[in-house]
K.L.:
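Take a look at the following structure, please.
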Amino acid sequence: MSDLTPGRAVFLVARREFLVKVRTKSFLWGTLVIVAVMAGYVLLQAVLFDGADRDRVALSGQATVLAEPLRQTAASFGREVEVVDAGDPAAAEERVRSGDVDALISGAPDALRVVVEESLGDELRTVIDLIVKQQVLDAQLAEAGLDPAEVAENVAEAGVEVVALEPGDAADGQRLAIGLVIAALLYYSLLVYGTMVAQGVVEEKSSRVVEILLAALRPWQLLLGKVVGLGAVGLLQLVLIGGIGLGLASFSGVVDVAGVAGGALAAGVLWYLLGFFLYAVVFAAAASLVSRQEELQSVLTPISMTVVVVFLVGFNLMIADPTGTTVAVLSVLPPFAPILLPGRMAMGVAPLWQVLLAVVLALAAVAAITWLGGRVYSNAVLRTGARVRLRDALR
């Protein structure tokens with residue numbers, strides 16, 4: 001072991017941490033549960049979206065002649081209407097009551113009767129009202145000796161020209177959803193795997209295994225290997241969850257901006273790496289100050305609360321105004337950037353200069369935290385018994 005190069009030593013520690021963790025049941029089942037929950041949510045959204053702009057309508061009696069006008073008028077509103085034959089009126093009302101159809105339409109075209117279970121949707125009501133008005137208008141035009149079809153063609157040619165000074169993106173809603181999901185995944189990964197690093201440090205310290213390891217390794221090699229190994233586990237889980245989620249969302253049609261989602265996942269990977277090194281070293285340094293798992297929470301609480309506050313503040317700011325000055329400033333600062341900036345990048349509201357500035361600041365913060373945290377870890381990891389004061393560990 002004495003002939004190990006620094007790089008080889010870090011690699012061996014990282015490989016051990018990675019292999020041990022990915023083979024645990026908690027990692028396997030945890031990943032499967034998250035993927036299953038996400039798949040269920042995506043499929044639920046797909047079902048809701050699929051039925052959100054579709055109506056199933058039964059036509060009875062004279063109203064059956066309105067099948068095609070009903071479809072065409074609904075299509076102009078971006079809705080789809082499935083028309084079915086009502087058959088027996090009593091049986092059709094039972095289909096309405098059971099939810100098999102959304103509405104039963106009967107009566108003369110200019111005086112329709114609509115039966116619904118509870119209420120008639122605003123868009124479907126507008127479609128039916130327009131059809132009734134059109135039928136009345138056609139009848140009066142015919143009485144006046146005018147051709148309703150010719151009048152309708154002239155009316156259809158009339159319109160307005162809309163000039164948008166700041167045209168919006170139709171995919172803004174999906175971009176926001178993707179950005180928030182990426183932020184949530186990063187929050188989960190940073191908090192869970194940062195805590196895992198801290199638990200590993202205390203476990204080795206309390207069992208005195210660290211004394212054996214440091215007989216062959218330098219403290220910074222052990223610390224870096226542990227951070228890299230567990231960080232790789234978190235990265236693997238992040239890519240698996242994000243990739244499967246992206247595939248499901250694209251396949252089900254919930255997300256139709258797959259290129260944006262793929263770019264968001266790539267940005268999430270970059271910021272996970274930067275954020276994990278930033279937070280994991282802090283978690284490890286804090287854990288080295290105590291010798292028992294029972295004492296760990298006391299030193300981790302301030303760090304965990306910082307991550308929680310960063311996530312909650314950033315999450316709400318992105319929902320309220322992702323282009324605002326406050327969220328723009330916070331998103332380039334190292335504590336906030338790993339969670340906020342990937343989401344803003346997915347929304348397309350983070351200029352390149354902000355991204356580059358955030359990367360530079362994050363790298364500088366990682367270097368500073370690694371030096372400072374490494375110093376604390378080196379001075380405190382071999383000291384057992386009472387909790388080591390931070391001031392003493394820095395000396």
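Only a predicted model underlies this, so the values are computations on that prediction, with no experimental measurement involved.
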K.L.:
Salt bridge (charged side-chain N to carboxylate O under 4.0 Å, His left out) with R292: which residues, sequence neighbours excluded?
P.N.:
E295

K.L.:
Considering only heavy atoms from C-beta outward, does the side chain of L104 approach that of V114 to under 4.5 Å?
P.N.:
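No. Closest side-chain heavy atoms not under 4.5 Å.
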
K.L.:
Using links of under 4.5 Å between side-chain heavy atoms of ILVMFWY residues, direct or through other members, which residues join W29 in one cluster?
P.N.:
L32

K.L.:
Listing request: all ring pair (Phe, Tyr, Trp, His ring centres under 6.0 Å) pairs with a residue in residues 178-204, at least two apart in sequence or in separate chains.
P.N.:
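Every ring pair (Phe, Tyr, Trp, His ring centres under 6.0 Å) pair that includes a residue of residues 178-204, provided the two are not neighbours, is Y187-F311.
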
K.L.:
Within this structure, what is the CZ-OG1 distance for the pair F11 and T5, rounded to the nearest 0.5 Å?
P.N.:
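Taking CZ in F11 and OG1 in T5, the distance rounds to 11.0 Å.
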
K.L.:
Taking only residues two or more places apart in sequence or in another chain, which ones pass salt bridge (charged side-chain N to carboxylate O under 4.0 Å, His left out) with R8?
P.N.:
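Counting only residues at least two positions away or on another chain, R8 forms no salt bridge (charged side-chain N to carboxylate O under 4.0 Å, His left out).
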
K.L.:
Who pairs with A232 by side chain to side chain contact (heavy atoms under 4.5 Å, CB included), at least two apart in sequence or on another chain?
P.N.:
F18

K.L.:
What are the two closest heavy atoms between L186 and P338, and how far apart are they?
P.N.:
CD1-O, 2.9 Å

K.L.:
In the single-linkage hydrophobic clustering (I, L, V, M, F, W, Y; side-chain heavy atoms under 4.5 Å), do L312 and L333 co-cluster?
P.N.:
yes

K.L.:
Any donor and acceptor pair, going by atom type alone, linking the side chain of Y272 with main-chain N or O of V239 inside 3.5 Å?
P.N.:
no

K.L.:
Atom CZ in R375, atom OG1 in T370: separation rounded to 0.5 Å?
P.N.:
15.0 Å

K.L.:
Show every ring pair (Phe, Tyr, Trp, His ring centres under 6.0 Å) that has at least one partner inside residues 217-248, sequence neighbours left out.
P.N.:
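Listed by first then second residue: nothing to list.
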
K.L.:
Check whether any side-chain N or O of S331 sits under 3.5 Å from a backbone N or O of A328 as a donor-acceptor pair, and report yes or no.
P.N.:
yes

K.L.:
Quick one: pull up CG in L317 and CG in L340 and give me the separation to the nearest 0.5 Å.
P.N.:
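Between L317 CG and L340 CG, I get 7.5 Å after rounding to 0.5 Å.
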
K.L.:
Establish whether V209 and V227 are linked, either directly or via other cluster members, by ILVMFWY side-chain heavy-atom contacts under 4.5 Å.
P.N.:
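Yes.
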
K.L.:
Taking only residues two or more places apart in sequence, or in another chain, which ones meet Q293 in a side chain to side chain contact (heavy atoms under 4.5 Å, CB included)?
P.N.:
Q199, V202, E203, L296

K.L.:
Filter on salt bridge (charged side-chain N to carboxylate O under 4.0 Å, His left out), then keep only pairs touching residues 217-228, sequence neighbours left out; what's left?
P.N.:
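Matches after skipping sequence neighbours: E17-K226, E204-K226.
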
K.L.:
Taking ring pair (Phe, Tyr, Trp, His ring centres under 6.0 Å) as the cut-off, I'd like each qualifying pair that reaches into residues 330-371, sequence neighbours left out, listed once.
P.N.:
none

K.L.:
So which heavy atom on A380 is nearest to which on L289, and how close?
P.N.:
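Looks like CB-CD2, 4.0 Å.
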
K.L.:
What distance do T31 atom OG1 and L238 atom CG have between them, rounded to the nearest 0.5 Å?
P.N.:
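T31 atom OG1 to L238 atom CG measures 11.0 Å (nearest 0.5 Å).
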
K.L.:
Nearest 0.5 Å please: distance from the CG atom of L300 over to the CE atom of M305.
P.N.:
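The CG atom of L300 sits 13.0 Å away from the CE atom of M305.
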
K.L.:
How far apart are the closest heavy atoms of L190 and F283, and which atoms are they?
P.N.:
O-CE1, 4.3 Å

K.L.:
Other than V329, which residues form its hydrophobic cluster under the rule that side-chain heavy atoms must be closer than 4.5 Å?
P.N.:
none

K.L.:
Under 4.5 Å between any side-chain heavy atoms of V381 and L214, yes or no?
P.N.:
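Counting from C-beta outward, V381 and L214 do come under 4.5 Å.
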
K.L.:
Taking salt bridge (charged side-chain N to carboxylate O under 4.0 Å, His left out) as the test, write out the residues that go with R16, two or more places apart.
P.N.:
none

K.L.:
Please name the pair of heavy atoms, one in L213 and one in L222, separated by the smallest distance, quoted to 0.1 Å.
P.N.:
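Smallest interatomic distance, heavy atoms only, reads CD1-CD1, 3.9 Å.
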
K.L.:
May I have the list of side-chain donor-acceptor pairs in residues 358-368 shorter than 3.5 Å, sequence neighbours left out?
P.N.:
none

